[in-house]
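This report refers to the structure that appears directly beneath it.
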Protein chains: 2
Amino acid sequence: MAEQRHYAALDRVLELVVLINKDMTESLAKDGLTPSRTTLLWLLRSTGPSTQRALADGLGVSARTVTGLVDGLEATGFVVRQPHPTDRRALLVSFTEHGAAVVAEMERQHGEFADLLFGGMPEDRFESLYAGLGEIVDRLRSVGLTFTPTEEPS
Amino acid sequence: MAEQRHYAALDRVLELVVLINKDMTESLAKDGLTPSRTTLLWLLRSTGPSTQRALADGLGVSARTVTGLVDGLEATGFVVRQPHPTDRRALLVSFTEHGAAVVAEMERQHGEFADLLFGGMPEDRFESLYAGLGEIVDRLRSVGLTFTPTEEPS
DNA sequence: GCACATAGTGAGTGTGCATCACGATATGCC
DNA sequence: GGCATATCGTGATGCACACTCACTATGTGC
């Protein structure tokens with residue numbers, strides 16, 4: 001029965017999910033970061049200095065949550081809040097030097113991790129795996145799961 | 001550069017991680033369950049009636065955390081606490097009928113999910129994917145990541 | 001210029017997880 | 001037999017995260 005094999009494959013996927021979650025959470029903790037705060041940092045890196053509102057939308061969480069995350073990141077010296085140049089209601093969040101350095105280091109580790117997973121894998125083997133991963137991600141997407149926060153039409 | 005492809009593959013893996021986490025969390029919520037409580041249920045299913053201590057060890061969390069999880073599961077009618085037949089300090093946690101039924105249903109959904117991911121996939125395609133998944137899980141394991149809670153020698 | 005929308009925050013709630021302190025019970029050893 | 005010690009579960013407390021609701025300060029459109 002194919003079902004049995006599929007079941008086993010799902011177990012591998014789930015194990016992967018658990019393992020990676022665990023690994024990331026732990027390595028983050030060493031930098032004094034939590035998963036959510038890191039996600040914010042990651043977003044900030046790709047957007048540049050942003051208002052908290054923009055971060056909330058980008059993360060798909062409430063404005064209040066961002067206030068809390070930025071509170072933490074500011075207290076630990078990763079980011080700073082500055083007044084917005086034109087909108088006096090808003091605040092611009094940007095990296096401190098330390099924050100920028102930590103994010104750069106994380107990027108390096110990201111590459112290292114990719115190497116751990118795929119480094120030295122025979123070309124054809126890697127390609128099938130890559131394609132297979134693409135397919136199951138597509139299948140998940142086709143059922144309505146989306147990576148980015150679900151934005152609804154009003 | 002192979003690195004670029006590896007990087008892209010890692011992104012797919014990470015997307016998978018996020019997507020699956022999200023999907024499970026949401027579908028669990030419909031049954032009135034949270035991820036942690038569900039993990040406990042899942043463990044209970046494979047061990048049979050257990051003391052809270054045993055559950056804590058099995059989950060790799062503190063005894064106090066199990067108290068909280070069982071509190072919740074008991075309040076919502078999934079499990080019951082009964083006195084341990086021989087050890088008066090301990091409590092045995094076991095399923096209610098409702099709890100057992102929900103777990104059975106989850107098992108069914110598990111199969112459905114496997115079908116969503118892999119159903120109708122050409123044999124050879126599936127096999128390479130399965131093998132590839134196995135390899136990266138192995139690589140993670142080889143770096144010390146373990147599925148089961150890390151138990152140290154004294 | 002006033003109604004209404006928007007940025008951010010205080011207060012309060014719920015969930016998950018942790019540690020510390022503690023009472024109740026079990027057990028090993030003299 | 002009885003005391004030291006280990007173990008089971010829980011109260012209290014703290015942190016991270018996310019939410020809602022209410023509110024202030026500010027921007028914008030008609």
Side-chain angles (χ1 to χ4, degrees), chain A residues 18 21-22 24-26 28-43 49-76 78-94 149-150 154, chain B residues 18 21-22 24-26 28-43 49-76 78-94 149-150 154:
Chain A
V18 173
N21 265 323
K22 198 176 153 194
M24 305 224 114
T25 305
E26 282 174 6
L28 257 37
K30 286 181 191 142
D31 290 321
L33 285 170
T34 60
S36 301
R37 290 182 191 177
T38 307
T39 309
L40 192 154
L41 252 31
W42 209 249
L43 176 61
S50 311
T51 63
Q52 295 189 182
R53 180 73 253 165
L55 294 172
D57 292 342
L59 294 172
V61 302
S62 72
R64 189 61 186 81
T65 297
V66 170
T67 297
L69 294 176
V70 174
D71 281 350
L73 287 168
E74 194 168 37
T76 45
F78 288 90
V79 302
V80 285
R81 278 191 254 235
Q82 294 168 317
H84 190 286
T86 65
D87 188 337
R88 283 192 298 170
R89 291 169 307 177
L91 296 173
L92 273 187
V93 179
S94 36
T150 44
S154 78
Chain B
V18 173
N21 266 321
K22 199 175 154 190
M24 304 225 114
T25 306
E26 283 174 5
L28 258 36
K30 285 181 192 141
D31 289 322
L33 286 170
T34 61
S36 302
R37 290 182 191 177
T38 307
T39 310
L40 192 154
L41 251 31
W42 209 250
L43 177 60
S50 312
T51 64
Q52 296 190 181
R53 179 74 253 165
L55 294 173
D57 292 342
L59 294 172
V61 302
S62 71
R64 189 59 185 83
T65 297
V66 170
T67 299
L69 294 176
V70 174
D71 281 349
L73 287 168
E74 193 168 38
T76 46
F78 287 91
V79 303
V80 285
R81 276 190 254 234
Q82 294 168 319
H84 190 286
T86 66
D87 188 337
R88 282 192 297 170
R89 292 168 307 175
L91 296 173
L92 273 187
V93 179
S94 37
T150 44
S154 78

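Throughout, protein chains are lettered first and strands after them, A, B, ... in sequence-line order, and every chain is numbered starting at 1.
For Ser94(B), the side-chain contact (heavy atoms from CB on, under 4.5 Å) partners are Pro49(B), Val80(B), Gln82(B), not counting sequence neighbours.
Atom CG of Leu40(A) and atom P of dC17(D) are 10 Å apart (whole Å). Rounding to whole angstrom units, CD of residue Glu26(B) and P of dC19(D) are separated by 13 Å. The nearest whole Å value for the distance from the CG atom in Leu41(A) to the P atom in dC17(D) is 12 Å. In this structure, Gln52(B) atom CD and dA24(C) atom C1' are separated by 15 Å, rounded to whole Å. The distance from atom CG of Asn21(A) to atom C1' of dC17(C) is 15 Å, rounded to the nearest whole Å. In this structure, the CG atom of Asp71(A) is 14 Å from the C1' atom of dA18(D), given to the nearest Å. Following rounding to the nearest Å, Leu28(A) (CG) and dA16(D) (P) show an atom-to-atom distance of 14 Å.
Remark on DNA chain D: of its neighbouring residues Leu92(B) and Thr65(A), the 5'-side contact belongs to Leu92(B), judged by nearest-heavy-atom nucleotide. Nearest-nucleotide positions on DNA chain D for Thr34(A) and Thr67(B) put Thr67(B) closer to the 5' end.
Contacts between residues 80-89 of chain B and DNA chain D, counted as heavy-atom distances below 4.0 Å, involve Arg81(B), Arg89(B).
Between Arg64(A) and dC17(D), a side-chain N or O to OP1/OP2 separation shorter than 4.0 Å is absent. For Thr51(B) and dC8(D), the shortest distance from a side-chain N or O to OP1 or OP2 is not below 4.0 Å.
Minimum atom distance to the side chain of Ala90(A) is reached by dA7(C), of the listed dT9(C), dC17(D), dA7(C). In this structure, the nucleotide among dG8(C), dT10(D), dC17(C) sitting nearest to the side chain of Leu69(B) is dC17(C). Of the candidate nucleotides dG8(C), dC19(D), dC8(D), dG8(C) has the atom nearest to the side chain of Leu91(A).
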For Thr67(A) and Arg64(A), what are the C-alpha separation, side-chain angles and deciding distance, and is it a side-chain contact (heavy atoms from CB on, under 4.5 Å)? CA-CA 5 Å; Thr67(A) 297; Arg64(A) 189 61 186 81; 3.5 Å; yes

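The two atoms that bring Leu92(A) and Pro85(A) nearest to each other are CD1-CD, 3.8 Å, heavy atoms only. The nearest pair of heavy atoms linking Asp31(B) to Phe78(B) is O-CZ, 3.4 Å. Of all the heavy atoms in Leu28(B) and Pro35(B), the pair that sits closest is CD2-CA, 3.8 Å.
A donor-acceptor contact under 3.5 Å is not formed by the side chain of Arg53(A) with the base of dG8(C).
Of the residues Leu69(B), Val70(B), Leu73(B), the one that meets the side-chain contact (heavy atoms from CB on, under 4.5 Å) test with Val93(B) is Val70(B).
Residue Ser36(A) is classed as a sugar-phosphate contact, given heavy-atom separations below 4.0 Å to backbone atoms only.
With values rounded to the nearest 0.5 angstrom, Thr76(B) atom OG1 is found 10.5 Å from Asp71(B) atom CG.
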